[in-house]
Amino acid sequence: MLLDGKAALVTGASRGIGRAIAVRLAEEGAKVAINYAGNDAAAAETKALVEAAGSEAILLKADVADKEACAKLIEDTAAEFGSIDILVNNAGITRDALLLRMKDEDFDAVIDTNLRSVFHLTRAAAKLMMKKRKGRIVNMSSIVGIIGNAGQTNYAAAKAGVIGLTKSAAKELASRGITVNAVAPGFIGTDMTAVLPESAKEALLSEIPLKRMGDPKDVAEAVLFLASDQAAYITGQVLNVDGGLVM
Ligand code: NAP
């Protein structure tokens, strides 16, 4: 197994991409701390799936937009599993609106949840990983952070910010044995994309060379790779998982 005995924290792991990551890491032997915002039933289902994969899980309900909650997430993971080897900053939200109609609170909510959280969690996890001189941090960006998207100035700014943060942290932490990479999914079938109108989905699909939307498992495989020793010589990179949409 690729991650035998490793301790991982996956934020936003109750549903969608985060759940697929939690389960895939568990299948490879990692113990998983499952963070989520409020959906207790979905989180319990992820926990059951991790356990069915033969590993251990704990549930950590916490708002990653809250600075103190981020510090506690890292503390609680390390307290439960003895360390933190892998951090996957996956939690994310959308609050879409055209620029002129976007409310300040919608801009701030997306920046706080999708970007500021990555700063707080990465800083807290890096402190522990530096002591072990080893660690893996994988941040969830989006192709929207690379190419932009009408109606998503807040989300695109946050996801572009995640890429800048990833590269800077990778440079700072490389000498301590910690790699920091980002994954940039395209159009993946989750609750986040289920709300898109059919016409928008069809337009997107027609642009994807591999002619299908992604499955959360497609993203989980990329995260697993970057979290494993197989990616020991890769840091500061952005891996697009998008069916070839952006190349
Ligand atoms: P999703 O299905 O909407 O699930 C979001 C997850 O994040 C849930 O587990 C949710 O917890 C959690 N969450 C939301 N706000 C949180 C907060 N403040 N604190 C802690 N957890 C929070 O989303 P998804 O599609 O799987 O997306 C996962 C990540 O991939 C996000 O960063 C997203 O931006 C990125 N992404 C997605 C796509 C796509 O096409 N789906 C494309 C590119 C990038 P609850 O269940 O408790 O609400």
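In listed order, ligands and their atoms are each counted from 1.
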Under-4.0 Å salt bridge between [X] and [Y]:
| X | Y | answer |
| --- | --- | --- |
| Asp85 | Lys132 | yes |
| Asp106 | Arg101 | no |
| Lys217 | Glu221 | no |

Per-ligand residue contacts, ligand 1, heavy-atom threshold under 4.0 Å: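 Protein residues near ligand 1 are Gly12, Ala13, Ser14, Arg15, Gly16, Ile17, Asn35, Tyr36, Ala37, Gly38, Asn39, Ala62, Asp63, Val64, Asn90, Ala91, Gly92, Ile93, Thr113, Met140, Ser141, Ser142, Tyr155, Lys159, Pro185, Gly186, Phe187, Ile188, Thr190, Asp191, Met192, Thr193.
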Are Val183 and Met192 connected into the same hydrophobic cluster when the rule is that any two of I, L, V, M, F, W, Y join if their side-chain heavy atoms are below 4.5 Å apart?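 No; tracing contacts between hydrophobic side chains, which count when under 4.5 Å, never links both residues.
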May I ask you to check whether Thr166 and Asn139 show a side-chain donor-acceptor distance below 3.5 Å?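 The answer is yes; a qualifying pair exists.
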Nearest-0.5 Å distance that lies between atom OG1 in Thr46 and atom CZ in Arg19: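 One gets 4.0 Å once the value is rounded to the nearest 0.5 Å.
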